[in-house]
Every structure is written in structure tokens, then in C-alpha cells.
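Only one structure is covered here, and it is reproduced in the block below.
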Amino acid sequence: MEKVYNHKLYESKLYAQWEQSGFFNPDTAIKDATPFSIMMPPPNVTGVLHLGHAFENSLMDAEARYQRMRGKKVLFLPGTDHAAVATQARVENELIKSKKYKHPRKELGREGLLNEIRAYAEKSKSTILAQLRTLGISCDWSRLAYTFDEQRSTAVNAMFKRMYDDGLIYRGYRVVNWSVKGQSTCSDDEIVHQEREAILYTFSYSKDFPIPIASSRPETKLGDTAVAIHPDDKRYKKFIGKTFIVNFVGQPLKIKIIADASVDPKFGTGALGVTPAHSQIDYEMYEKNPEIGIIPVIDQFGRMTANAGKTSEGLKATDIRTKIVEQLKADGLLVKEEKIQQSAGTSDRFGDVVEVIPMEQWFVAVNKEIPSSLGSQRPGKTLKDLMREAVTIGHNGDKTQKIQIVPKRFEKNYLNWIDHLRDWCISRQIWWGHRIPVWYRTNKDSLVTERIMSIEQPRGDGWTQDPDTLDTWFSSGMWTFSTLGWPQQTADLATFHPTSWMTMGYEILFFWMARMILMSTYALDQIPFRVAYIHGMLRDEQGRKFSKSLGNGIDPVEIIEQYGADALRFALVYGAAPGTDQAWTLAHLKGGRNFANKLWNMARFLQMNGAKFDAAATTDTALATVIDETTANFEKHHFAEALRTLHNYTWHELADKEFEAAKTDWNDETAARLAQKFTTLLIMIHPFMPFVTEAIWQELGLKQHDTDFLMIQQWPKR
RNA sequence: GGGCGGUUAGCUCAGCUGGUUAGAGCGCUACAUUGACAUUGUAGAGGUCACAGGUUCGAGUCCUGUACCGCCCACCA
């Protein structure tokens, strides 16, 4: 053995051996072993793996390797995510930046742009997969999945059909979040609220209208159809139910006074100009008072529509604001203008301030009763109910079908989010994604449009497919079972679902976890996973997020090159408490590298002194305690604690005390005892630092035959 | 506005259901050795566990409040 452990000599070689051995594949395990499954959260094909991915995968791989050593039939299934809007936005940006195209969609057309995105995605995908191997991730490559491959597309279509047939997917005209820049809808959770300064104008529509209102967007007031006041507001109570015809900067409006408890009498003038077409809350008032009507005045390009009047039509909404304000001033109608801090919803992918616009889109109804197509398990329940039950009383009230969220505090976050959930807009106007399996045909004479849900093009002439694609979370919501062959009732599905353990960052709790629960409980009548382990985010040394714009990114592959995969994994796990952010620090990385080398040299010491490893030495109490603690910590998913225990004991007890003492009192008995202790620890450290431990195992000659890897040794019992 | 988290050694953080001298990594100081490992060893410095009350035989650990950081959600037009 070399004096110093050199990871470069072992890592790729060992990974190839493991992969070839077939032990990553659960089918190689003992037949009647208990199944244990982990679905890798599929990294987006928008780029390459960053430190956060390395972190998440280090945790999963520790769990997978631990369970494998405990004799389970472990499926750790790898995959990638096409990440619809994220990938398209990325590629479009790069195409524009490269100056090859100004408007990629226009210049390339649908197929042309898709080809560009596909090429980008494939390249990114292969990089990601190589990176996972470099990290030493013990996943089953034979079951590799991609959210946009053929099998997953089949599953998506099957799900769409099922929800469509159940009436849970519907086409509706409602207000949606619209990114003018991206020319697409986005769901409520794809909105990022940003604080910004705005001016709040207080004014009256006209001289003869009794109630002044306030708005930071006077141009939308051209679409007002009502004014809402609090039902108990004494100032305005007498007007409730009355309708006024007003002339607002030259545009006639019909305004009804309505009462709504959500209006805050203390804010502004205590009266809210209701714009059903361009505000979510106003739209809800319109739903309660449909007689007020809905008048869209802004179109999908952010320009004023004909409804806004001749003088405004075609102009940018933002441009006519100043005009309107000047007009109000001139007419003596402007009461006040004040600067306020306002949070504006922006598109998380395209970055522009989102417009609320009424449109025909596809939605998933979360508050609608699910027809009992699956039998009578859930009479009267809605998708929202299913999402809630899975973490409270268990799916269908079955305690064995209850998801355990670790740490528990995220339960509250999740439930709070569920309560506020509105119907989920699933159609997107971008091209990269699963196309909506619905076809339309318009009869030329009657102008009646037929619509059918079909995956294949229907027979007959004149059919065109819905141009929209599905929200990316529609397919990732199915990840725990689309990867197992659903809608086919495969053996894998029966064996590995519900999956045992899932990990994700808290930032996608709502995006992803909620959708997985929705899809799985609805379609399979099963929870998607038994445990959801929520990890924190990795931050830079100053506690900032890693981001492209800050340029503080760290390439895991470079770290591995220099320090080794084990050192990186050690560093990432060592500082990780469940659900808590951690700052990335070189200190832990050095600690990891040093520990790998320490293990190496402990082995070397034993080897040089001719220690024999076949003696059945007994486990002393100190080691037994370590085994107990480590096992308990694994069971509680306290990975950092387990690693710390192992590290401390190995270094500061076994090496510093027992190895040192043995130097002056070396005999066969001592040698056997130390050897036995060391190999026991080697097994337990393996899930965290797979390469160096496996390398030592082999260097010590403990690999007795071709397939006798450390990775499949039995977890120690006391 | 609602909710959640953090405040422990110079830095990054552990400390799970309250129990003897509060821990780790890295850093620091002194010394040592090249006989497993300088990616080392030995010894050591360094903490009134944010603050104020309370519960308890006993609190970093539980309760109440305060301050300061941070995060998430939300329809203050």
C-alpha cells in the first residue's frame, strides 16, 4: 500500500467494478429480501450538477448503501427531468446571447426550436449521468428514466386521460398568470414575489361617482366593473347594490357597488375598484357576483385591447398609465399619489412581472369531488383532501399509508399551502414538454368545434392537436410510479411502490411533494413514499445562495479531482442537519480527505504488522455502543450524527488510543482485536465514503472472491 | 398580515425525549517524531450556550417575553 491514499488510483476503477458486479440492481439481491426503494429526484437537464445535487445524492447514496448492507433489496432509481419551461427558457436565452437568433421561436419554428432544445438536453443529460458516477452513486442504471422518454410520456398521457375522464381536468376560461416575455402561463407557485417601489394613486373615476378608489395600476381600471366595499362600512353602506355609469378618462364604465368582507376598510379609501379580468381576488369577487361582468383590457402581449377604448387600444399597458394619471389630474379627480412598497409577482423563469389575464386554459380541479371510478374508497373526497390526508391521518385514514415528513415542522408548511391551493393551471404555451393529448376540428359551415381527448390523431380530416404542453410538474408528480412502469401493473410497481424514502430540498416541497402525493393517491390509491426527508440548502461561505449571477458556483467535479469523492461526500454530510441550511466550507473537505487517509493508514499499519483478519474476535462494549448509535442514527436519518460518531471513535479512540497502545504490546490477540474492530468500522463508514473503504477492503485481501465487495457486506450486529 | 427557523469556541456547525468537568471539523499555541499516517502525534488555549424572567433537586436542552438575523406563504387594492 502507498504511504498516502490516492483517490485517483481507485475511484473510477472501483465504480466500474461495482457497476459490473450487478449489485446496484435489486434483482441481484437475495430473492425474498425486503424491498427498499429510493427514486432519485431527477436533476433538470438545464445544466450540470452543482454542489446541491452532490449533497442530496450523498445523502441518498448513504441511505441506499446502508439499507443494502442491512440485507434489503434496494432499488435506487436514477433519472433526469426535461424541466419544460426551465430548459426552453435557458436554451432560448443562450440562442439569443449567441446572436444566432433574435426571436428563436419565430425564426426556428416549433420543430426547429425543439431540435435545439433536444440537443442541449441530451448533452446536459449525459454530463449529469457521468457526474453521478464520479460521485460514486450506487443507483441501478438498468432502470434509468427520463421524464420525457417514451415510457414516461405514455404514463403522462394515461394520467391525463384518467383525470379527463373523471372530470378532474377541465378546460376553463379563468384568470391565469401570464408571462408576456415567455408568452406562456405559469402556475401560482412559479411566481416569485419581488418587493419594489410603486405609486399608489387615489382618485375618483369621475365627478359624479361618490366613492374614490386607490390603485397602483390605473390603466387596469378601464376594465373595472364594480367597486367593492366592506359590508359594515358605514360611509358607503348606502350605495351597496347600486349601479353607476361613469366616464373614466373618456371611457364609459358600468360600476356596481358590491360588498365583500375581504375588503380592508382601513386601506386606501376603503373601497376597491374591481377588475375581474386582471386580478385574482377581483376575479373571485366576479365569481361571487357574476352580474358585474368581466372586461379584459390587456392582451397577451401586454397591450390594451379594444375594450379599453379607441385612444388606448394597441398601446402598452405600462405606457398609458402616465396618460391616465395626467388626465385625472387635469380633471381634478386625482386625490393623492404616494410611494408605496409593493410586492410584484414575477415569472421565476422569464423574470418579467406577470400579468393576470383571463384565458382558456386546462386546469386540474383540486376542490371537485372525485368520481368513484376506483371503487368506494373516497366518497365525497377531493384531490385536496387526498393531499391533506396523506400527511395527517394517512391515505384513506389508513395509518400505514401515512407519510412521515422529517423534520416534522415542514408538515405545517405543507398543510398551510394545501389550504390555499387553487385549481392548478397545467397548460403552458411553450413547446418543450408533453403535448396536451386533445384534438380539435371546426366544421367550416356550422363553425362548431369538436373536441376529443386522444393520444393519437383521430380518424378523419381537419384535426389539429392542442398546441399547448403540460406543466413540467405534471410529469414529475408521477415520478415515483411512472419510473416503475405504470400504467402497466408491473412486478416492479408491486414490489417497490410506495417507495420507502424520498429526499428533497424544502424549496420544492410544494412544487413537487404536493404533486407526487396528488398523483399517487389519486391514480394508485397509494402514498408515493413513506418518508420524506427534507434537507436544507447549501450556501456559500458568506451564507449566500449559490447562483449563476453571483458567480459563486462550485463545480463538484473539480473538488473530486482534487480531494476525492469521499472527501466531498464527507464534507457535505458532516455539516448537514435535517432541514437546515449549511454554509459550504473547505474545512470539512480537508477533514474528509484527512479521514480517508487516516483510514488508509490504519489499514496499512495492520497490514505491515501482519494482522490477520479471519479471527472471530469479540465485540467489546465501546464498539457495541458505536454500532448501536450509528444504527440508531441511520434509522432516524441523522446522517451527520452517524458520521460524526464513526469519525470520532475511529480516530480518537481506536487509532489514537488502542493502536498506539498496541505498538508497545503487540501480539496475535491484540492484532486480531484491532483488525476486527477496524473492519467493523470500515463497513459502517462505507455508506459515507464508499471508495476509500472499498479500496482498503481489497488492499487488505478481504475480497475473497470476484463478487465479494465491501458494498454488500452485512451491517454489523453487536 | 400569517407561519417557521436561527442566535453555542476565531470560522462552519452538532448537541435527538432536561442529568456528572458543553462537543466535532478547520484554525490557533507549544512540543515531538520521520518506525501506519506531517493529509501525523502529544499537550493546550479558547464558550457567563443572544438577553430577561419562570418551571425543576437539576436547563444549552422545557415555558413566557425581548432583541437581532434569516426563510416561507399571503388578495393590502
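In the text below, chain A, chain B and the rest are named by the order of the sequence lines, each starting its count at 1. Because the structure is predicted, anything quoted here is derived from the model rather than measured.
The partner of B:rA22, taking Watson-Crick or G-U wobble pairs whose two distances both stay under 3.5 Å, does not exist in any strand shown. Nucleotide B:rA9 forms a pair with no other nucleotide shown, judged by Watson-Crick or G-U wobble geometry with both contacts under 3.5 Å. The partner of B:rA36 is absent, by the rule that a Watson-Crick or G-U pair needs both atom distances under 3.5 Å. Pairing of B:rA74, defined by two Watson-Crick or G-U wobble distances under 3.5 Å, is not identified with any nucleotide. Using N1 to N3 plus N6-O4 or O6-N4 for Watson-Crick, or N1-O2 and O6-N3 for G-U wobble, each under 3.5 Å, B:rU61 pairs with nothing. Base pairing of B:rU66: its partner is B:rA50, meeting the Watson-Crick or G-U wobble criterion (both donor-acceptor distances under 3.5 Å). Under the Watson-Crick or G-U wobble criterion, with both distances below 3.5 Å, B:rU55 has no partner in any strand shown. Here B:rA43 sits opposite B:rU29 as a Watson-Crick or G-U wobble pair (both hydrogen-bonding atom distances under 3.5 Å).
Ring centers of A:Phe639 and A:Tyr533: under 6.0 Å apart, within the cut-off.
Between the base of B:rA74 and the side chain of A:Gln280 there is no donor-acceptor pair shorter than 3.5 Å. With hydrogens and angles ignored, no donor-acceptor pair under 3.5 angstrom links the side chain of A:Lys590 to the base of B:rC26. Counting atom types as modelled, A:Lys3 pairs no side-chain N or O with a base atom of B:rA36 as donor and acceptor under 3.5 Å.
Distances from the side chain of A:Thr585 to the nucleotides B:rC4, B:rU12, B:rC73 place B:rU12 closest. Looking at the side chain of A:His420, the nearest of the listed nucleotides B:rU12, B:rC73, B:rA36 is B:rC73. Distance from the side chain of A:Met602 is smallest for B:rA36 among the nucleotides B:rA36, B:rA77, B:rC16. When distances run from any side-chain atom of A:Ile340 to the nucleotides B:rG41, B:rC71, B:rA77, the shortest one goes to B:rA77. Of the candidates B:rC37, B:rC4, B:rG25, B:rG25 carries the atom nearest the A:His647 side chain, counting heavy atoms from C-beta on. Checking B:rC76, B:rC13, B:rA36 against the side-chain heavy atoms of A:Lys663 singles out B:rA36 as nearest. Here B:rU40 is the nucleotide among B:rU39, B:rA36, B:rU40 with the atom lying nearest to any side-chain atom of A:Trp651.
Note on A:Asn594: a side-chain N or O is less than 4.0 Å away from OP1 or OP2 of B:rU40. Under 4.0 angstrom from either OP1 or OP2 of B:rG41 there lies at least one side-chain N or O belonging to A:Lys598. Taking 4.0 angstrom as the limit, A:Gln607 places none of its side-chain polar atoms (N or O) nearer than this to OP1 or OP2 of B:rA36.
Residues A:Phe659 and A:Leu674 meet the side-chain proximity criterion, which asks for heavy atoms closer than 4.5 Å. Contact annotation: the side chain of A:Phe570 approaches that of A:His647 to within less than 4.5 Å [non-hydrogen atoms, C-beta and beyond]. Residues A:Leu272 and A:Met285 are in side-chain contact: their nearest non-hydrogen atoms beyond the backbone lie under 4.5 Å apart.
B:rA77 atom C1' lies 7 Å from atom CG of A:Leu200, rounded to whole Å. In this structure, CG of A:Leu421 is placed 10 Å from P of B:rA74, rounded to the nearest angstrom. Following rounding to the nearest Å, A:Asp260 (CG) and B:rA77 (P) show an atom-to-atom distance of 16 Å. Going from atom CH2 of A:Trp417 over to atom P of B:rC71 covers 22 Å, rounded to whole Å. A straight line from OH of A:Tyr286 to C1' of B:rC75 spans 19 Å, rounded to a whole angstrom. When rounded to the nearest whole Å, the span between CD1 of A:Ile258 and C1' of B:rA77 equals 13 Å. The distance from atom CG of A:Asn597 to atom P of B:rG41 is 10 Å, rounded to the nearest whole Å. The separation between A:Phe678 atom CZ and B:rA36 atom C1' is 10 Å, rounded to whole Å.
The gap from the C1' atom of B:rC49 to that of B:rU21 amounts to 16 Å, rounded to the nearest Å. Only the C1' atoms considered, B:rC37 is 46 Å distant from B:rC4, to the nearest whole Å. The P atoms of B:rC26 and B:rU42 are separated by 13 Å, rounded to the nearest whole Å. Taking atom P in both B:rU64 and B:rG3, the straight-line distance is 14 Å, to the nearest Å. A distance of about 24 Å separates the C1' atoms of B:rU66 and B:rC72, rounded to the whole Å. If you take atom C1' in B:rU20 and the same atom in B:rA74, they sit 50 Å apart, rounded to whole Å.
Applying the 6.0 Å contact sphere to CG of A:Asp656 captures more than 12 heavy atoms from other residues, nucleotides or ligands.
Ion pairing of A:Arg422 with A:Glu284 is present here, as a side-chain N (NZ or NE/NH1/NH2) and a carboxylate O approach within less than 4.0 Å.
For the pair A:Tyr5 and A:Leu272, nearest-nucleotide mapping onto RNA chain B gives the more 5' position to A:Tyr5. Both A:Asp188 and A:Phe595 sit near RNA chain B, but only A:Phe595 has its closest nucleotide nearer the 5' end.
Within 4.0 Å (heavy atoms only), A:Asp282 reaches no atom of the nucleic acid at all. A:Thr275 comes within contact range of no nucleotide atom at all, as no heavy-atom separation falls under 4.0 Å.
Defined by atom type and a distance below 3.5 Å, a donor-acceptor pair is present between the side-chain atoms of A:Tyr66 and A:Glu635. Looking only at atom types and distance, the side chain of A:Lys329 has no donor-acceptor partner in the side chain of A:Tyr201 under 3.5 Å away.
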